[in-house]
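To find a chain, count down the sequence lines: A is the first, B the second, and so on, and within it residues start at 1.
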There are 2 protein chains.
Amino acid sequence: MFATMLEPRLVQTTFFKNVLEALSDLFIEAHFEFSRTGLELQAIDTSRVALVALVLRAEAFNHYLCDRGLSMGLNLADMAKAFRCANNDDIITIKAEEDWTDTVTFTFESPEDGEILEFDFDFVGSNGVPLEIPEYQESEYQAIVRMPSAKFMRICKKLSSFGDSGDRDPVVIISVYKERVRSFARGKTGTSTTVCLQTQTVDKPKEPTLIEMKEEVSLIFDLKYMNSFSKASTLSDQVTINLSSELPAVFECKIAELGYIRYYISPRKEGGMQNLGDEMQRIAKEDKMQNEGDEMQN
Amino acid sequence: MFATMLEPRLVQTTFFKNVLEALSDLFIEAHFEFSRTGLELQAIDTSRVALVALVLRAEAFNHYLCDRGLSMGLNLADMAKAFRCANNDDIITIKAEEDWTDTVTFTFESPEDGEILEFDFDFVGSNGVPLEIPEYQESEYQAIVRMPSAKFMRICKKLSSFGDSGDRDPVVIISVYKERVRSFARGKTGTSTTVCLQTQTVDKPKEPTLIEMKEEVSLIFDLKYMNSFSKASTLSDQVTINLSSELPAVFECKIAELGYIRYYISPRKEGGMQNLGDEMQRIAKEDKMQNEGDEMQN
DNA sequence: CGTCCAGGAT
DNA sequence: ATCCTGGACG
């Protein structure tokens with residue numbers, strides 16, 4: 001009836017499950033673009049503070065057919081729901097019909113128990129209009145931190161358990177100085193600080209924590225963005241964080257040699273945003289003090 | 001003081017817990033009838049679309065005494081609450097006193113921690129008037145589907161996570177054709193379809209999916225009824241679904257050789273009910289299209 | 001602001 | 001199947 005124009009087929013259901021669970025809290029919809037070279041996904045959150053880009057080369061798919069490019073916006077919550085229904089070893093087929101330009105079909109096949117699950121997703125938002133993602137050079141960043149994603153997740157977990165002071169969106173202050181990276185959050189009745197030192201290369205050849213610093217930098221982020229990236233960071237062993245006081249920070253997770261997922265997160269401006277009050281400045285001030293304290297200890 | 005007229009005693013607290021949790025959402029009250037041969041329970045939902053019948057032979061009870069028959073209507077939500085308080089290994093005693101014709105006493109005994117819990121339930125509704133349940137022959141149905149209850153539950157779960165379009169009661173279209181059964185639901189921004197093929201007997205001697213079809217059939221049901229039955233279907237490994245465009249569908253769960261729980265559910269009539277609008281017809285139409293599409297693929 | 005119910009994760 | 005977390009309602 002209709003010709004099949006696009007049919008990437010892949011086995012890693014878990015991969016997309018993880019991605020969708022990570023994204024769907026924060027991002028309502030995403031722009032998907034399938035092309036001969038692979039998949040590119042982009043989304044921006046409602047407050048336009050964070051932007052996520054996922055790139056997955058065709059080789060990442062078990063089987064990838066793509067006759068012509070297809071660009072579409074999809075609702076992420078619905079997709080997450082759909083993928084939750086899938087078994088881990090299902091074969092997934094994504095199909096768009098030739099003349100059917102407002103719907104895409106995801107099929108989950110479970111050969112052994114003879115079950116075929118099919119979802120049609122309506123296109124949403126501004127289809128065909130991918131976001132403009134600026135390309136920054138590594139050299140533009142004041143500090144670049146690499147660490148095991150497990151470590152990053154642990155830090156986020158601590159911060160979010162502690163940093164909820166109840167009266168505003170929890171934030172974290174990330175500072176890099178003297179080959180260490182510090183995460184600071186304020187809770188109801190105290191503060192929490194995690195300092196990660198650069199690992200000695202002799203100690204741990206695998207999973208090192210590396211800190212390249214051109215200049216000290218200290219930035220404030222909403223914890224919710226960190227948490228979302230933290231979920232996504234299960235996709236790889238290592239995360240990379242690029243920090244600059246001038247540019248959006250980049251939190252990146254490389255997916256083998258097959259692609260990456262990257263969050264561009266604008267730091268909060270102290271006093272610049274309506275919901276940053278005196279308290280925010282006090283935190284920043286304390287933070288500075290602690291910096292100085294650390295230096296004294298050395 | 002009063003003679004104990006009825007004293008069925010059983011250990012399977014979990015059994016009744018499950019039944020009550022399944023029923024109490026949908027059915028306000030149920031008619032209980034204890035007789036020498038066992039228990040029969042019947043209930044009809046407020047919109048009179050679904051009817052449930054539970055039959056449990058005396059042998060299903062650990063210990064069953066019944067001097068004379070007792071017929072009573074009881075509030076299911078209250079009973080569910082009571083059973084929630086019971087431990088799984090409690091001994092339950094149901095007692096009605098001779099001259100006490102408007103109350104029944106449920107006692108939960110936990111021998112090890114010496115706790116006795118007692119509930120008195122007032123009779124409600126039209127006591128002594130069981131519902132008329134028509135007896136249909138299997139031969140009257142256009143299609144009979146048997147499948148593992150786990151599979152049925154999975155399908156219901158999928159449908160209800162996806163099929164909530166927000167603006168009306170979620171429904172499912174169940175179709176049988178060509179030795180497959182298809183469940184279709186529409187969500188906010190897409191649709192979900194599950195196709196179950198008949199399992200090959202060589203593949204899985206246990207827990208097969210069997211489809212006996214005399215004629216293709218496609219029916220619309222409110223998801224809430226399916227979900228209620230889905231909960232009850234934990235009582236057995238296998239469920240049986242009898243479908244006909246003329247009769248109420250029967251969803252049955254056999255309880256070993258000891259009884260069964262059976263839902264009689266009237267399908268929605270397209271266009272016949274006030275809350276079936278154009279959309280419903282569109283779904284049915286799409287559904288038909290998909291049917292035809294499937295056929296072309298064969 | 002606290003309570004209750006539903007959904008998801010272990 | 002149970003427990004915990006998040007969201008909705010009173």
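A centroid separation of less than 6.0 Å is found between the aromatic rings of Phe119(A) and Phe162(B).
Atom CG in Asn18(B) sits about 13 Å away from atom C1' in dT2(D), given to the nearest Å. Rounded to whole Å, the distance from NZ on Lys231(A) to C1' on dG6(D) is 11 Å.
Between Lys224(A) and Asp45(A) no salt bridge is recorded (no basic side-chain N to carboxylate O distance below 4.0 Å). By the 4.0 Å N-to-carboxylate-O rule, Glu257(B) lies too far from Arg57(B) to be salt-bridged with it.
With sequence neighbours left out, the ring-ring contact (aromatic ring centres under 6.0 Å, His included) criterion links Phe251(A) to Phe221(A), Phe229(A).
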Look for any protein N or O under 3.5 Å of an N or O in nucleotides 5-10 of chain C and output each such pair with its distance, or none.
residue: dG8(C); atom: OP1; partner: Arg84(A); partner atom: NH1; Å: 2.9

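Closest non-hydrogen pair, Ser230(B) versus Ser233(B), comes out as O-OG, 2.6 Å.
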